[in-house]
Protein chains: 2
Amino acid sequence: MMEKLRSFSTLSAIDNSSMVDKVELSLLDFFINKQLKVGDSIPKELELADLMGVSRTVIRESLNRLRTMGLIETKKKKGTVIKSPDITLILQKSIIPHILDHSTLRDIFELRLALEVGMADFVVSKATNEDILELLEIVKDEESQSANALFDIDYEIKFHGKLYEITANDTLREFQKLLLPVYNYIYSSGLLNLPTAQKKFTSHKQLVELLQTRDAEQFRVGMRHHLENHFL
Amino acid sequence: MMEKLRSFSTLSAIDNSSMVDKVELSLLDFFINKQLKVGDSIPKELELADLMGVSRTVIRESLNRLRTMGLIETKKKKGTVIKSPDITLILQKSIIPHILDHSTLRDIFELRLALEVGMADFVVSKATNEDILELLEIVKDEESQSANALFDIDYEIKFHGKLYEITANDTLREFQKLLLPVYNYIYSSGLLNLPTAQKKFTSHKQLVELLQTRDAEQFRVGMRHHLENHFL
DNA sequence: TTTGTGCATTATGTCGTACATATAAAACTC
DNA sequence: GAGTTTTATATGTACGACATAATGCACAAA
């Protein structure tokens, strides 16, 4: 079958896209070629419709998509202007754990592990003394918690969330917030087992101590060990 | 002024959202509450319009947004069904470097550094012997390249791209592809200086050697040093 | 000159209808 | 029963009308 298909390899794929699809691409092209910057305004809907020879309906649907991507903003009477998209906001809406397929969820989970290990440098270089005090406050009664060996998700989020906050990287921070429902889903759905105590484990408290030495390399290794039982 | 405003803190923000905005949220809510899964179909446009007391136009615009987010798929006669969104595809369209504001670009660049350092474990654990051979092939004439100390972006992408590929994490891989235009923009726009040779530098060739030892910790440190001149 | 009010203008937002198009499912042919 | 045609139906596109909100202008009041 595949053999047979190969002999038709010159056939081009039929155009299955709707007018809205085409207009959308056209507009994106327009943005890029015209080197439009944030704040620039684009022609009004009726002008675009006229220019591109389609109905206002189609133009509106296309613009609506661009708006969904966060690329434009429209106001009555004022018209449509270019906007810098909030990429995390867009993701936030489309990431609904129970709808995302499992392989993507797994991918995202791995991505998080990589991020937390890799961001060690930023945490170490940007943590203020106040930050460290705050972390100490968070971990101060860790003994009691680690004693019963319970995996307290709220506590985890509080600690790791603070680390993200320290990076002073807004995108990264938002990224983490947006991933929280994913963790919850993964853990509660049994897609991944809850971690249990293990050999090379580094506690939150130990992590803070490492952070205090201001040695990025050490901190990174510590973080890796801390996450040990999440790696398979 | 700000002091005065604070005393009105109980005032709630006026609802500035359009019907389409509301219907969109309503639909998202519907998806979550009804625990809709991939493949489930939702009521047809006219039914929704009737149910929610708005025109088909509004329903269509809302659905169009969900489609843009990749959450639904529509076919004539068949109707609308839930889909697992391709989160990287959505980002791909909205990431137009010269439109994104500079702070976000910087954030994204940092994010990449963290990822590449943090994904060391996955690279080491998943690299096949064939992968390593391929890497060796890529770096085989590195001497000549590093000799003139030129920062060859194509070569960089080829090597690092292969590393992403090795992780066997599709989301991560797509994520990298999607970030490429960002790198190009950052480098070509002078937003960040092109790296120059530096002390702790680890070459691609050395990285492959580290990979061959299958020691994740070593490889991670090597990668961190390799990226040294990208960290500020 | 400044401040407030009202009105006209204008571009997007919403609505309803009509028809085009694709296609799943039923009806039909052999 | 397999293949073909017809029919019904849900989305896609188009158009016209009006609603709504923001803008700017004109004019009046302080």
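Atom set for the values below is all heavy atoms of this structure, side chains included, hydrogens, waters and symmetry mates excluded. So you know, we letter chains A, B, ... as the sequences are listed, proteins then strands, and number each from 1.
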Practice prompt. Could you identify which residues of residues 61-72 of chain B place a heavy atom less than 4.0 Å from some atom of DNA chain C, listed by residue number, or say none?
Written response: none
Fill in: Heavy-atom contact window of chain B on DNA chain C, given 5' to 3' at under 4.0 Å
dG13(C) to dA24(C)
Worksheet item: Is any side-chain N of the basic residue among Lys22(B) and Asp15(B) closer than 4.0 Å to the acidic one's carboxylate O?
Response: yes
Sequence neighbours left out, cut at 3.5 Å: what donor-acceptor pairs do the side chains of residues 89-99 of chain B make with other protein atoms?
| unit_1 | atom_1 | unit_2 | atom_2 | d |
| --- | --- | --- | --- | --- |
| Lys93(B) | NZ | Glu24(A) | OE2 | 3.1 |
| Ser94(B) | OG | Leu91(B) | O | 3.1 |
| His98(B) | NE2 | Leu36(A) | O | 3.1 |

Practice prompt. Name all residues meeting the side-chain hydrogen bond (donor to acceptor under 3.5 Å, both in side chains) criterion together with Ser125(B); count only those two or more places apart in sequence or in a different chain, and write none if there are none.
Written response: none
Discussion item. Need the bend value for the helix from dT1(C)-dA30(D) to dC30(C)-dG1(D): angle between end axes, 5 pairs each end, nearest 10°.
Written reply: 0°
Worksheet item: Looking at Phe109(B), is Arg106(B) sitting on its ring face, NZ or CZ under 6.0 Å from the six-membered ring centre and within 45 degrees of the normal?
Response: no
Discussion item. Tell me if the NZ atom of Lys158(B) is crowded by more than 12 foreign heavy atoms within 6.0 Å.
Written reply: no
Fill in: Side-chain donor-acceptor contact under 3.5 Å, Ser18(A) with Asp21(A)
yes
Discussion item. Looking at dG12(D), I'd like to know if its phosphate oxygens (OP1 or OP2) sit under 4.0 Å from a side-chain N or O belonging to Thr74(B).
Written reply: yes
Item to complete: Could you note down all residue pairs passing side-chain hydrogen bond (donor to acceptor under 3.5 Å, both in side chains) where residues 71-83 of chain A supplies at least one of them, sequence neighbours left out?
Response: Arg67(A)-Thr74(A)
Response to the item:
For Asn64(B), the side-chain hydrogen bond (donor to acceptor under 3.5 Å, both in side chains) test, sequence neighbours excluded, returns Glu61(A), Arg65(A)
Worksheet entry | Arg173(B): partners by side-chain contact (heavy atoms from CB on, under 4.5 Å), with sequence neighbours left out | Tyr164(B), Glu165(B), Asp170(B)
Practice prompt. Could you pull out all residues at least two apart from Glu134(A) that satisfy side-chain hydrogen bond (donor to acceptor under 3.5 Å, both in side chains)?
Written response: Lys162(A)
Item to complete: Give the rounded distance in Å between these two atoms: CG of Leu48(A) and P of dT13(D).
Response: 16 Å
Worksheet item: Thr57(A) near the nucleic acid: base, sugar-phosphate alone, or nothing, with a heavy-atom cut-off under 4.0 Å?
Response: base
Response to the item:
Within residues 36-46 of chain B, the residues having a heavy atom closer than 4.0 Å to DNA chain D are Lys44(B), Glu45(B)
Response to the item:
Hits for side-chain hydrogen bond (donor to acceptor under 3.5 Å, both in side chains) against Tyr185(A), two or more places apart or cross-chain, chain-then-number order -> none
Please write out each protein N/O paired with an N/O of nucleotides 18-25 of chain D under 3.5 Å, distance rounded to 0.1 Å.
| unit_1 | atom_1 | unit_2 | atom_2 | d |
| --- | --- | --- | --- | --- |
| dA22(D) | O4' | Lys76(A) | O | 3.4 |

